[in-house]
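Only one structure is covered here, and it is reproduced in the block below.
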Amino acid sequence: MRSNKRYKRLEAVIEQNQDYLFRFAYFRIGNREDAEDILQDVFLKLFEKEFIIENDESMRMYLYRMVYNACNDWHRYKQQEPIPLEQVQMADDEELALQEEYNRIWKMLSVLPADQADVITMHLIDGLTFVEIAKVTGTPETTIKSRFKSGIDKLRKRWEQEDKL
């Protein structure tokens with residue numbers, strides 16, 4: 001009985017966060033199928049672990065951290081570049097819009113160091129606060145803020161230079 005209650009609680013947490021987590025994974029991977037596989041693996045690990053869900057916010061951060069680490073592992077082992085839009089077979093308009101947004105953002109952020117681009121993506125696209133990003137990445141909050149500011153400054157300078165051309 002106790003286990004059944006736990007599974008129902010986990011199911012509710014997953015239902016509540018899966019769309020955000022998918023988008024989070026997708027913008028790190030650039031491929032729908034791989035992002036879905038990562039989420040599935042994370043959710044399976046979550047069901048296998050024995051822990052207490054303290055509150056929704058701590059569980060949300062825990063899930064982001066799991067997905068963040070899984071995406072890093074995927075990049076470490078796959079070493080793949082984002083798939084160019086022209087080479088992707090689109091399933092529907094929603095998929096096309098998501099892929100176009102990913103390509104546009106990836107192109108803008110590709111001029112930045114990876115750590116700055118990651119912080120900007122987590123803050124502006126995923127909607128995480130600097131405190132949450134620090135928890136997910138295991139990096140001090142002051143470092144996160146510094147990376148964000150430096151990255152934004154670099155992007156701003158680049159856009160100003162392009163406007164002058």
Side chains of [X] and [Y] in contact at under 4.5 Å (non-hydrogen atoms):
{"X": "R60", "Y": "L128", "answer": "yes"}
{"X": "D118", "Y": "L109", "answer": "no"}
{"X": "L21", "Y": "M66", "answer": "no"}
{"X": "N17", "Y": "V67", "answer": "no"}
{"X": "M122", "Y": "Y64", "answer": "no"}

Tell me whether T121 contacts the main-chain N or O of A117 through its side chain, where contact means a donor paired with an acceptor under 3.5 Å. yes

Which heavy atom in [X] sits nearest to a heavy atom in [Y], and how many Å separate them?
{"X": "C71", "Y": "A25", "value": "SG-CA, 3.8 Å"}
{"X": "E132", "Y": "G127", "value": "OE1-O, 4.2 Å"}
{"X": "L112", "Y": "G151", "value": "CD2-O, 3.7 Å"}

Sequence neighbours excluded, every pair satisfying salt bridge (charged side-chain N to carboxylate O under 4.0 Å, His left out) that has a member inside residues 135-144: E141-K145

Distance check, rounded to the nearest 0.5 Å: [X] atom [atom1] versus [Y] atom [atom2]?
{"X": "F27", "Y": "L124", "atom1": "CZ", "atom2": "CG", "value": "12.0 Å"}
{"X": "L44", "Y": "L39", "atom1": "CG", "atom2": "CG", "value": "11.0 Å"}
{"X": "R147", "Y": "T137", "atom1": "CZ", "atom2": "OG1", "value": "7.0 Å"}
{"X": "L155", "Y": "I120", "atom1": "CG", "atom2": "CD1", "value": "5.0 Å"}
{"X": "W74", "Y": "D41", "atom1": "CH2", "atom2": "CG", "value": "13.5 Å"}
{"X": "Q116", "Y": "I144", "atom1": "CD", "atom2": "CD1", "value": "11.0 Å"}

Please tell me whether V131 and Y62 are part of a single hydrophobic cluster in this structure, the criterion being side-chain heavy atoms less than 4.5 Å apart.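 Each belongs to a different hydrophobic cluster.
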
If the condition is side chain to side chain donor-acceptor pair (under 3.5 Å), which residues does D126 pass it with, not counting sequence neighbours?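 Partners of D126 by the side chain to side chain donor-acceptor pair (under 3.5 Å) criterion, ordered by chain and then number, come out as R28.
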
Across all chains, not counting sequence neighbours, the ring-ring contact (aromatic ring centres under 6.0 Å, His included) partners of F148 are H123, F130

Report the residues that fulfil ring-ring contact (aromatic ring centres under 6.0 Å, His included) with F22, sequence neighbours left out, ordered by chain and then residue number.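 F22 satisfies ring-ring contact (aromatic ring centres under 6.0 Å, His included) with Y26 once adjacent residues are dropped.
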
Looking at residues at least two apart in the chain, or sitting in another chain, which of them share a side-chain contact (heavy atoms from CB on, under 4.5 Å) with D153? K149, R156

What pairs with Q18 under side-chain contact (heavy atoms from CB on, under 4.5 Å), at least two apart in sequence or on another chain? I14, E15, F43

How far apart are the C-alpha atoms of M59 and L63, what are their side-chain angles, what is the distance that settles it, and do they pass the side chain to side chain contact (heavy atoms under 4.5 Å, CB included) test? CA-CA 6 Å; M59 178 52 78; L63 287 170; 4.0 Å; yes

